[in-house]
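Down below is the structure, laid out as structure tokens.
Bear in mind that the values here come from a model prediction, so they are computed numbers and not experimental data. Every number for a ligand or one of its atoms is a count from 1 in the order of the listing.
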Amino acid sequence: MATTQNMTRPERTWETSRLLAKPAVVADAEVLFGDYASDSAVAKYMTWKPHRSVEETIQFLTRCERVWSEGSAFPWSLWRKQDGALAGMIEIRVGMSAVDLGYALARRWWRQGLMSEAVAAVVQWALAQPTIYRVWATCDVENLASARLLERVGMEREGVLRRWLIHPNLSEAPRDAICYSIVKAG
Ligand SMILES: CC(C)(COP(=O)(O)OP(=O)(O)OC[C@H]1O[C@@H](n2cnc3c(N)ncnc32)[C@H](O)[C@@H]1OP(=O)(O)O)[C@@H](O)C(=O)NCCC(=O)NCCS
């Protein structure tokens with residue numbers, strides 16, 4: 001298991017004005033499956049296929065618990081403060097000097113600025129860490145919502161990573177992705 005003792009670790013829980021973030025755990029399986037993981041629109045540009053049973057969501061969340069304990073990635077579930085509803089998920093991976101992130105929101109909450117709020121909070125946290133100089137993310141070249149979101153939180157488009165990632169809902173072959181980043185001034 002990777003040693004993480006000297007590594008920058010994020011808070012387990014944090015909040016924004018409308019969202020509460022908590023480590024994603026197996027106990028979230030039913031709600032995550034119903035409102036998020038089974039939705040083909042949510043999964044379209046992700047690296048996973050829509051879950052067909054709650055068992056798949058349990059497997060996914062088992063992995064979430066494991067990566068938290070290893071410190072190899074930090075997946076949070078996001079909850080609306082207003083009514084306690086599941087909003088979506090965000091995950092970061094912390095490298096030696098860079099943080100990269102991924103995210104998805106349940107469909108009923110799209111286009112209300114919610115994920116911009118969560119991503120902005122993560123970016124702010126990452127750039128406040130002395131060892132972190134770069135925060136970055138990629139999105140499929142056709143994922144306009146994600147590209148716009150990354151621009152909105154202040155990231156700059158670096159270029160296209162050709163044949164970067166398999167999005168199995170679109171193609172079995174790796175597809176081009178846009179790489180966005182924000183770096184410490186300096
Ligand atoms: C990408 C996603 C997280 C955006 O979350 P969101 O909370 O709806 O986004 P926001 O409301 O914060 O909007 C951010 C910006 O994107 C724009 N946007 C959002 N959805 C859009 C869409 N479908 N098409 C075009 N622009 C869109 C918003 O207008 C806003 O731009 P603005 O400031 O110019 O108005 C959401 O669409 C989603 O979960 N998609 C499925 C999963 C996914 O693709 N994840 C990313 C993988 S890289």
Side-chain angles (χ1 to χ4, degrees), residues 14-22 24 28 31-52 56-57 60-61 63-64 67 73-95 98-126 134-171 173-182:
W14 46 271
E15 55 187 276
T16 64
S17 58
R18 288 180 291 171
L19 294 170
L20 179 63
K22 299 190 289 190
D28 301 332
V31 61
L32 203 78
F33 173 71
D35 286 354
Y36 171 99
S38 61
D39 186 342
S40 56
V42 173
K44 182 174 177 188
Y45 294 110
M46 305 301 283
T47 54
W48 43 272
K49 289 192 172 169
H51 296 184
R52 283 156 305 170
E56 287 184 56
T57 311
F60 165 69
L61 289 166
R63 171 257 174 207
C64 290
V67 296
F74 304 99
W76 290 275
S77 52
L78 300 170
W79 305 85
R80 277 165 45 100
K81 286 181 179 173
Q82 190 183 340
D83 53 13
L86 175 80
M89 288 192 65
I90 187 165
E91 171 171 317
I92 65 170
R93 274 86 41 181
V94 182
V99 165
D100 78 286
L101 55 101
Y103 43 80
L105 201 63
R107 198 189 328 182
R108 63 182 157 139
W109 308 122
W110 288 2
R111 300 206 84 150
Q112 298 171 35
L114 277 178
M115 194 52 83
S116 296
E117 207 171 288
V119 172
V122 165
V123 167
Q124 191 183 24
W125 169 83
R134 167 184 174 84
V135 187
W136 64 287
T138 64
C139 65
D140 189 273
V141 282
E142 287 176 9
N143 193 349
L144 301 181
S146 189
R148 182 67 207 122
L149 179 153
L150 292 168
E151 285 163 9
R152 176 170 161 167
V153 300
M155 290 209 188
E156 284 179 37
R157 183 184 161 124
E158 288 185 330
V160 171
L161 298 170
R162 295 185 298 165
R163 295 287 193 188
W164 177 247
L165 207 54
I166 296 176
H167 294 300
N169 302 296
L170 300 174
S171 155
R175 288 169 54 86
D176 294 353
I178 310 174
C179 184
Y180 281 93
S181 72
I182 184 166

The closest protein heavy-atom partner of atom 35 (O) of ligand 1 is Arg152 NH1, 4.0 Å

protein heavy-atom neighbour closest to atom 29 (O) of ligand 1 works out as Arg111 NH2, 3.3 Å

Answer yes or no: is there a donor N or O on one side and an acceptor on the other, between the side chain of Asp176 and the main chain of Arg163, under 3.5 Å?
yes

Positive for ring-ring contact (aromatic ring centres under 6.0 Å, His included) with Trp14, one of Trp125, Trp76, Trp79
Trp76

Under 3.5 Å: donor-acceptor pair, side chain of Trp136, backbone of Met155
no

If the test is side-chain hydrogen bond (donor to acceptor under 3.5 Å, both in side chains), which one of Glu158, Arg157, Glu151, Glu156 qualifies with Tyr180?
Glu151

Going by the closest heavy atom to atom 12 (O) of ligand 1, which one wins out of Gly88, Ser116, Cys139, Ala104?
Ser116

Heavy-atom proximity to atom 20 (N) of ligand 1, best of Ser146, Ala145, Gly113
Ala145

Does the side-chain contact (heavy atoms from CB on, under 4.5 Å) test come out yes or no for Ile182 and Val123, once each step is laid out?
CA-CA 8 Å; Ile182 184 166; Val123 167; 3.8 Å; yes

At what distance is the nearest protein heavy atom to atom 39 (O) of ligand 1, and which residue and atom is it?
Leu105 N, 2.7 Å

The protein heavy atom nearest to atom 4 (C) of ligand 1 is Leu149 CD1, 3.7 Å

Check for a donor-acceptor pair, side chain of Lys44 on one end and backbone N or O of Asn143 on the other, with a separation under 3.5 Å.
no

Is Thr138 touching ligand 1 with its side chain, its backbone, both, or neither, if touching means heavy atoms under 4.0 Å apart?
backbone

Checking heavy-atom distances from atom 16 (O) of ligand 1 to each of Met46, His167, Glu151, Arg148, the winner is Arg148

When distances are taken from atom 38 (C) of ligand 1, the protein heavy atom at minimum range is Trp110 NE1, 3.4 Å

For atom 42 (C) of ligand 1, grab the closest protein heavy atom and report residue, atom and distance to one decimal in Å.
Val42 O, 3.4 Å

Here the atoms of ligand 1 under 4.0 Å from any heavy atom belonging to Gln112 are 11 (O)

What class does the angle between the rings of His51 and Phe60 fall in, given that below 30° is parallel, 30 to 60° is tilted and above 60° is perpendicular?
perpendicular

Donor-acceptor contact present, side-chain Asp39 to main-chain Arg107, <3.5 Å
no

Would you say CD of Gln124 has more than 12 non-hydrogen atoms from neighbouring residues, nucleotides or ligands within 6.0 angstrom?
no

Protein residue, atom and distance nearest to atom 7 (O) of ligand 1, heavy-atom basis
Met115 N, 3.0 Å

Looking only at protein heavy atoms, which one is nearest to atom 46 (C) of ligand 1, and how far off is it?
Tyr103 O, 3.3 Å

